[in-house]
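Everything below concerns the one structure shown next.
Index from 1, following the sequence.
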Amino acid sequence: MGSDNRRNVTIAMIAGLAGVSVPTVSRVINGRSDVAPQTRERVEELLNRHGYRRRSPVTATGAGLIDLVFNDLDSPWALEIIRGVEDVGLSSGVGTVVSAIHWRISSAKQWLDNMRARSTEGVIFVTSMVNPPLKAELSRLHVPVVIVDPAGVDPQEAPTIGATNRAGSLSANEYLLGLGHRRIGFIAGPPHLMCSRARLDGYRAALGAAGIAVDDTLIRPGNFYHEAGYTAGTQLLSLPDRPTAIFAASDQMALGVYEAVRKRGLRVPDDISVVGFDDLPEVRWCSPPLTTVRQPLAKMGMLAARTVLRLAAGETIESPRVELATDLIERDSAAAPRRR
């Protein structure tokens with residue numbers, strides 16, 4: 001093989017030829033003991049035949065990487081997931097590579113090219129979808145994949161880590177109903193996302209159980225970001241018979257509602273109660289501190305990292321879908337409605 005071709009030999013190429021995963025080839029290269037002798041011999045033979053140029057050796061405690069891939073990094077919950085993944089990585093001697101592909105095919109292709117060239121134990125996607133060509137290529141390379149879905153996904157033939165979105169929404173709205181609210185506005189997430197539908201279902205279920213008909217004028221579209229919360233909040237507050245409480249399907253939208261309330265000269269919770277969903281770190285410091293549904297984002301990241309490392313080690317995952325419990329965190333943004 002010529003020198004140019006030797007330079008182009010990658011771990012992924014060797015893995016494909018050997019019929020093993022990229023992490024297995026990485027373990028052979030780094031001299032780790034957790035590889036079957038026959039597999040090690042086959043991989044070593046291919047490495048030598050194709051002239052793979054080994055990098056400087058690393059220790060077994062620092063041999064691997066986890067690829068953590070987001071569509072975007074512009075949401076505070078991304079930092080929480082990164083924190084969870086890195087906690088597990090540090091304790092396991094594995095590094096974390098964080099990437100954002102911005103919903104662009106070109107960015108996904110560039111990420112895939114980069115991933116092929118490094119010793120990746122596995123990939124964690126934080127996304128609502130993994131496009132079929134990308135999924136097929138990772139499968140061909142035998143790279144383990146786990147999907148963390150605070151945005152919600154349908155099953156995609158990979159283990160998924162999520163939260164109990166419907167139950168969390170149900171508890172938030174039951175709480176508002178228990179305070180005496182009967183006109184509760186709801187600001188939804190993107191309708192194509194599974195978690196948005198689950199949170200809307202929880203809202204409808206709570207009203208139905210209380211014998212209250214759902215008023216579609218009180219349901220407004222959103223996208224989980226501040227601007228959508230502000231726009232929807234302004235619309236709800238402009239209704240002739242405005243709601244006495246608003247449940248926003250994300251904390252960022254709830255903070256957008258705060259601004260809409262302020263601009264109308266109203267106060268939370270004196271004039272209107274507001275409840276969010278996520279329990280981002282900053283919401284305990286806003287004024288008033290936000291009552292919200294805690295989504296265990298850091299724990300979701302930790303569980304995803306442990307799962308992908310188990311898959312890389314050849315272990316079997318008991319359940320392809322794990323949902324972590326949500327909790328209602330009561331602070332100061334909700335109170336009994338005042339008579340008008």
Side-chain angles (χ1 to χ4, degrees), residues 71-72 74-78 103 126-129 148-154 162-177 181-210 212-239 241-261 268 272-280 283 290-295 297 300 323 326-329 333-334:
N71 278 308
D72 290 296
D74 59 353
S75 175
W77 53 251
W103 300 99
V126 185
T127 179
S128 59
M129 65 185 69
V148 176
D149 63 336
V153 295
D154 295 314
T164 53
N165 289 288
R166 185 182 185 278
S169 173
L170 183 68
S171 66
N173 287 284
E174 287 177 339
Y175 171 71
L176 290 171
L177 290 164
H181 294 280
R182 293 299 179 265
R183 286 185 61 77
I184 302 172
F186 176 71
I187 306 177
H192 65 283
L193 300 182
M194 205 166 99
C195 81
S196 298
R197 299 194 297 270
R199 293 174 198 180
L200 177 58
D201 286 346
Y203 167 78
R204 291 180 181 276
L207 293 181
I212 299 172
V214 174
D215 182 348
D216 288 337
T217 66
L218 296 180
I219 300 174
R220 300 288 161 153
N223 61 6
F224 293 150
Y225 291 96
H226 296 91
E227 295 81 359
Y230 173 77
T231 298
T234 299
Q235 293 170 351
L236 289 168
L237 294 172
S238 299
L239 291 173
D241 185 13
R242 70 172 186 249
T244 60
I246 295 176
F247 172 54
S250 77
D251 283 351
Q252 287 182 282
M253 292 197 299
L255 296 181
V257 173
Y258 269 37
E259 181 63 9
V261 171
V268 176
I272 187 159
S273 293
V274 179
V275 175
F277 199 111
D278 282 331
D279 194 31
L280 298 175
V283 301
L290 180 68
T291 293
T292 187
V293 177
R294 176 175 291 163
Q295 184 172 210
L297 296 167
M300 290 160 67
E323 289 191 342
T326 52
D327 297 294
L328 180 66
I329 307 301
S333 63

Kindly give the heavy-atom pair with the smallest separation between [X] and [Y], and that separation in Å.
X	Y	value
D251	L280	OD2-N, 2.8 Å
A254	L290	CB-CD2, 3.8 Å
H181	A245	ND1-CB, 3.6 Å
T326	G168	OG1-CA, 3.3 Å
A334	L176	CB-CD2, 4.1 Å
T291	S333	N-OG, 2.8 Å

State the [atom1]-[atom2] distance between [X] and [Y], to the nearest 0.5 angstrom.
X	Y	atom1	atom2	answer
I272	T244	CD1	OG1	7.0 Å
L177	I184	CG	CD1	4.0 Å
D201	C195	CG	SG	11.5 Å
M253	T231	CE	OG1	11.0 Å
R197	S169	CZ	OG	14.0 Å
I187	R220	CD1	CZ	9.5 Å

On the 0 to 90° scale, with breaks at 30° and 60°, tag the F247-F277 ring pair as parallel, tilted or perpendicular. tilted
Any side-chain to backbone donor/acceptor pair from D279 onto V293? Under 3.5 Å, distance only. no
Are side-chain heavy atoms of L239 and L218 found at a separation under 4.5 Å? yes
Does Q295 reach the side chain of N165, with side-chain heavy atoms less than 4.5 Å apart? yes
Step by step, work out the side-chain contact (heavy atoms from CB on, under 4.5 Å) result for D278 and F224. CA-CA 10 Å; D278 282 331; F224 293 150; over 6 Å; no
Going by side chain to side chain contact (heavy atoms under 4.5 Å, CB included), S196 matches just one of P190, S250, P191. Which one? P190
Go through the steps to decide whether I219 and V214 satisfy the test side-chain contact (heavy atoms from CB on, under 4.5 Å), and finish with yes or no. CA-CA 9 Å; I219 300 174; V214 174; 3.8 Å; yes
